[in-house]
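Report on one structure; see the data block that follows.
Only this structure's heavy atoms are used, side chains among them; waters, hydrogens and symmetry mates stay out. One-based numbering along the sequence shown. Computed from a prediction, not measured in an experiment: that's the story for all the values here.
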Amino acid sequence: MKKIFITIVASILLSSSVFAASFNIGATGAIATVEADGKETTGAGASGTANVNKKQVDNENVAIGSVFAEYESDYWGITLGVEYVPGEADVSNSVLKRTDTETSVTGGAAVTSTSRTFQAQATVENLYTAYIELPIYESFFVRAGMASIDVNTEEVKSGNGGSYGNKTLDGTTLGAGFKGNFEANDQINWKIYYEATDFDTLKLTSSGNSVASETNSIEADLDVSALKLAIGYRF
């Protein structure tokens, strides 16, 4: 549903029939905090023993740049826009590691026991946000939208160990701030605002484990909050 909303807003921006007072394009700089809270559950398998590993990360002062395009309409001053963040960012400042012992491969004749170091450093990329802004009083406005982001687990597997794939998450974003035009040139506008995005829960199950019944699973919550400064040009 969120991807459909983003597509609709993008289509509106590309349409010349919108009730628009102006079309704005610009760039945004932000200082963001990326927070993740998750757990990994290892399969019990034949041994009947399962482990749960939990981890919280809080990556602060992440510099993020983005570009945006938007219509600022005459209809109650509503603004519709799409924002895109190029590049990628680490979820954690450090690589997470653990050591596993993988046993015989299911269906194989050989009896093996392999110790391996499993490491992962999740990254996020391709953050898109479709948003609507509504002026409240003078230069103060509120902002709401829907977001989409790619999460790459980037784990390093070895031996007979399984691995996780990557996934795209949807999210909801809310924000508020102030905006206006520069007196020297009213075609150049500015915005300063705070925004918080809450993404859906990430759920992944490993594949390729040495013992088919001992797959692992991950559940994690990802949140991004940022203080942003945007500069745009009005056509």
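- The shortest distance between side-chain heavy atoms of Lys167 and Leu202 falls below 4.5 Å.
- Of the charged side-chain nitrogens involved, none lies within less than 4.0 Å of a carboxylate oxygen, so that Lys179 and Glu72 do not count as a salt-bridged pair.
- Taking CZ of Arg143 as the start and OG1 of Thr79 as the end, the distance is 10.0 Å to the nearest 0.5 Å.
- Residues Gly87 and Glu125 approach most closely at O-CB, 3.4 Å, considering heavy atoms.
- One hydrophobic cluster holds both Val34 and Ile218 under the rule that ILVMFWY side chains link at heavy-atom gaps under 4.5 Å.
- Between Tyr128 atom OH and Asp150 atom CG the span is 8.5 Å, to the nearest 0.5 Å.
- With rounding to the nearest 0.5 Å, the separation of CG in Leu169 from CG in Asp198 is 10.5 Å.
- In this structure, Tyr71 and Ile78 have side chains that are not in contact, with every pair of non-hydrogen atoms separated by 4.5 Å or more.
- Smallest separation of non-hydrogen atoms from Phe178 and Trp190: O-CZ3, 3.4 Å.
- Atom CG of Leu204 is separated from atom CG of Asn166 by 8.0 Å, given to the nearest 0.5 angstrom.
- Residues Glu70 and Gly81 approach most closely at CB-CA, 3.6 Å, considering heavy atoms.
- The structure places NZ of Lys191 at 3.5 Å from CD of Glu133, a figure rounded to the nearest 0.5 Å.
- Remark: Thr33 OG1 to Glu60 CD distance equals 5.0 Å, nearest 0.5 Å.
- Put simply, Val142 and Ile192 are part of the same group of oily side chains (I, L, V, M, F, W, Y) that touch within less than 4.5 Å, one to the next.
- Shown are Leu127, Val124, Val151; of these, the side chain to side chain contact (heavy atoms under 4.5 Å, CB included) with Phe199 is made only by Leu127.
- One hydrophobic cluster, built from ILVMFWY side chains closer than 4.5 Å, cannot hold both Leu174 and Phe141; they sit in different ones.
- Counting heavy atoms from C-beta on, the side chains of Thr168 and Ser148 come closer than 4.5 Å.
- Applying the side chain to side chain contact (heavy atoms under 4.5 Å, CB included) test between Glu195 and each of Thr173, Thr28, Val224 identifies Thr173 as the sole match.
- With contacts defined as side-chain heavy-atom distances shorter than 4.5 Å, the pair Thr129/Phe68 does not qualify.
- No continuous path of ILVMFWY side-chain contacts below 4.5 Å connects Ile136 to Tyr194, so the two sit in separate hydrophobic clusters.
- A salt bridge between Glu219 and Lys39 is absent, with no side-chain N of the basic residue lying under 4.0 Å from a carboxylate O of the acidic one.
- Contact detail for Ala226 and Ala30: the closest heavy-atom pair is CB-CB, 4.1 Å.
- Taking each heavy atom of Gly77 and Pro135 in turn, the nearest pair found is O-CD, 3.1 Å.
- Residues Tyr131 and Leu227 do not share a hydrophobic cluster, defined by chaining ILVMFWY side chains whose heavy atoms lie under 4.5 Å apart.
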